[in-house]
Amino acid sequence: MEGTTGESVTRIGREGTIANRAAPTIGTVLLDSPGVVLRQDNGARDVIVSIRGSNARAGRVMRNTVILEDGFPLTQPDGVSRLDLVDPRAYAGLEVFRGPQSALFGNYATGGAIALRTRTGREIDGYEIGTDAGSFGYLNRYFTVGGVRGPVEIALFTSDARGRSVQDTTAYDIQTVDLTARYTLTPDTRFTLKVINNTIQADLPARASRDQYRINPFQRHCETAATAASGCVLTNLFANGAFGATVPVTASQAAFGRDDRRTIVAARFEHDLDAATTWRVQAGFDERNFDQPFYTTSVRGSFPSWNLLTDLSRRGTWFGLPAVSSMTLAYSTVDSHSTVFNRAPTGGPALGAFIGEQFAVQSNLGGRARTDIALSDAWTGVLGISAERTGITGRNAAYGYSTAGRTESLVIVDRDRFNLAPELALVYRPNLEWSFRGRVATGYSDPGATSLFVTAAGLPGNNTGLRTQEALGSDLGIDWTPVEPLRISLTGFVEAFRNELITQSQGAGRLTSTFNAPASLHRGLELGGEWALGSGWRATLSYGFDDQVYTRFVESLSAGKLTAAFDQAGKRIPGVPRHHGLARIGYEQVGGPFRGFGTFLEAVAQDDVFIDTANLLTAPGYTILNANVHYAAELPGPSARRVNVYLEVRNVLDRTYVASALNLANTLNAGTGLQNGAAVLAATPGSIFAGAPRNIVGGMKLSF
């Protein structure tokens, strides 16, 4: 895409990451980029992708990263992204932008951005039928059709995925439709239509404490509370659905689940005003509709939104120097409405008392400008800036119950913020082998309306004092390509955050809450490499070192009538592993009777991570090995043109590991006034999902 000069960006293609391997989530593909870490979220294909630790401090949804597909936003105007919306089988490739990116992508791009590209009709040129099947009842049947006829080009992808999760009582059923249609009205005028529809029905497990994870990581034999095995997670629900005595239930008894739908309909008009100038107008409707009865509450809501954009790009000169410039005006708005009920322990997803209702409107209006200037044959300069105003109006009504009756508390928000994000980059290319880049850029993320109505205790209430997160980052990078089969990229970065938004779990049955850390510092290195060793061998390396600490943050904890302050300066930010990466070695037979056969072995690893602000408790790191064998061949027959077959064993050594750990809130002892230690945190549920044990996935695709 345009605007990548000077950026720390990784481009990932289809071969080796999607075409010939198990790719049940887009996260497995994104691991080929340095700086990327995955965390399993609430659903089979629902993963949290963290770039430079950006989403390690977010809970239950992705924030701080902008997601695009074919230039259309998949991030809603409140900053929320969900990657279970997409199926990797639809994609031809993607780009991962690392570091603050608001000058290029606007609000919510403090951590970076991910630009997905679907396969075009021209690339498909026919139709394909594929099936993946494997452990835990996994079955994904997908169909792709595409082609060009005259001025019309169409690509349609559909998939139906279902199966069980690693826990006994969980399952999922996901359907995805992704349509891209392009119509060339004239040689200089084009129209693009994008339609995405995704539905998810999922039975969910409960997040465990670290102690429960060690005893029963996969929550086996947890059908009912009365017969629950040791280490099962129990959630206490009000016996009358409103207040008073509670009844313990398992995730299976309470039917924790999700019933979600996401629909996007968008269009883009492009017109070449002349050979050097292109004008675009883009509009899209995006609705997120959900019904999520899990833990102690059931949340239902609809979040319809609009995204509007117009931009002008031109190739010309600045002061006699060749330049590529663009100007963008963008507006987005989301009108959200959600209701919250207590859960009742009467069997299944029963609802209890009505405890809350939220209405909010969030709008973003801003402009962006950028120019890439060829200062000489070897030097390129980049100037960019984003200016954006974000407004949130809304109200949240919370209801409490007791023997005296119902009480009501109302929180109203009316906030308006203006954000400015400049960017400066310089690239030096002395020859075809070497490229040196330096970049200073800023990013900002406004808190979403939902975060403004959850208190530090994880209860509905007033949190409207949350401030906008801001980041100032600098990158220094070297890209070296001594010969075409060898590519190495090394990037060092330092990012200073102000009012960093940190999200943490308050324990089972409580909502995740968000607070500002006044100042923090992120420092790290990213190393990426690819080497075609000859005779069919190829190696891939993706490594990240990420050291993130609070530099100014005094945390206040309360219990009963006691309050104490703790200086957390110098403490590591929870959820961010210092070391993480992927290494893959593979072989492809390029000739002879076994042409088309290939295999690879890869290791995915990450370090221990602290999961609390005081750095008292860690989630253990891990190294997972995956092995793959595949075959692809052109077919001589009159029907199918090509066949792709693969078999992959994931977690070959059958390691038990933590695939996800939500950050936990530190607490105060109400009797002594001292901070509770690691033992209390280790017994606090609401944090951990175990990763999948050894599993096998195989698949076949026929192209016609």
Asn55 and Thr65 side chains, donor-acceptor separation under 3.5 Å: yes
Listed partners of Asp32 passing side-chain hydrogen bond (donor to acceptor under 3.5 Å, both in side chains), at least two apart: Arg584
Thr667 versus Asn676, side-chain donor and acceptor atoms under 3.5 Å: yes
Short side-chain donor-acceptor distance under 3.5 Å, Thr618 and Asp608: no
Reference residue Arg258; test salt bridge (charged side-chain N to carboxylate O under 4.0 Å, His left out); the match among Asp41, Asp291, Asp84: Asp84
Within the 6.0 Å centroid threshold, strictly below: Tyr657 and Tyr622: yes
Between Phe238 and Tyr401, ring centroids under 6.0 Å: no
Ile26: partners by side chain to side chain contact (heavy atoms under 4.5 Å, CB included), with sequence neighbours left out: Val29, Leu30, Leu83, Val86, Pro88, Tyr91, Leu94, Leu116
Chi angles and distances behind the side chain to side chain donor-acceptor pair (under 3.5 Å) call for Asp78, Gln362: CA-CA 7 Å; Asp78 60 353; Gln362 179 165 344; over 6 Å; no
Ser81 and Thr75: side chain donor to acceptor below 3.5 Å: yes
Contact check, side chains of Arg141 and Leu139, non-hydrogen atoms, under 4.5 Å: yes
Under the ring-ring contact (aromatic ring centres under 6.0 Å, His included) test, residues paired with Tyr213 that sit two or more places apart: none
Residues which pass side chain to side chain contact (heavy atoms under 4.5 Å, CB included) with Pro693, listed by chain and number, not counting sequence neighbours: Phe136, Val166, Phe218, Asp654
Any Gln201 side-chain heavy atom under 4.5 Å of Thr199 side chain: yes
Donor on one side chain, acceptor on other, Thr176 and Asn198, under 3.5 Å: yes
Heavy atoms of other groups near Arg261 CZ, more than 12 under 6.0 Å: yes
Side-chain donor-acceptor contact under 3.5 Å, Asp160 with Gln175: yes
Partner residues of Asp173 under the salt bridge (Lys or Arg N to Asp or Glu O under 4.0 Å) criterion, sequence neighbours left out: Arg162
From Gln76 atom CD to Ile67 atom CD1, the distance as rounded to the nearest 0.5 Å: 13.0 Å
Qualifying residues under side chain to side chain contact (heavy atoms under 4.5 Å, CB included), relative to Leu616, sequence neighbours excluded: Asp612, Ala614, Asn666, Gln675, Ala678, Leu681
For Asp607, all residues meeting salt bridge (Lys or Arg N to Asp or Glu O under 4.0 Å), sequence neighbours excluded: none
Side-chain donor-acceptor pair present, Asn64, Gln469, cut-off under 3.5 Å: yes
Donor-acceptor side-chain pairing of Ser298 and Gln292 below 3.5 angstrom: no
His580-Tyr543 side chain donor-acceptor pair, cut-off 3.5 Å: no
Side chain to side chain contact (heavy atoms under 4.5 Å, CB included) partner of Pro345, chosen from Asn240, Thr246, Leu237: Leu237
Within residues 337-353 or reaching into it, pairs that qualify as side-chain hydrogen bond (donor to acceptor under 3.5 Å, both in side chains) - sequence neighbours excluded: His337-Glu357
Donor + acceptor pair across side chains of Ser660, Arg207 (<3.5 Å): yes
Donor + acceptor pair across side chains of Ser209, Asp211 (<3.5 Å): no
Qualifying residues under salt bridge (Lys or Arg N to Asp or Glu O under 4.0 Å), relative to Arg694, sequence neighbours excluded: none
For Phe354, ring-ring contact (aromatic ring centres under 6.0 Å, His included) partners two or more places apart: Phe341, Tyr399
Verdict with supporting geometry, Val697 and Tyr138, side chain to side chain contact (heavy atoms under 4.5 Å, CB included): CA-CA 8 Å; Val697 181; Tyr138 174 64; 4.0 Å; yes
Side chain to side chain contact (heavy atoms under 4.5 Å, CB included) against Ala603, all qualifying residues, sequence neighbours excluded: Thr623, Leu625
side-chain hydrogen bond (donor to acceptor under 3.5 Å, both in side chains) partners for His522, two or more places apart: Glu500, Gln548
Among Thr613, Asn463, Leu501, the one residue meeting side chain to side chain contact (heavy atoms under 4.5 Å, CB included) with Phe515: Thr613
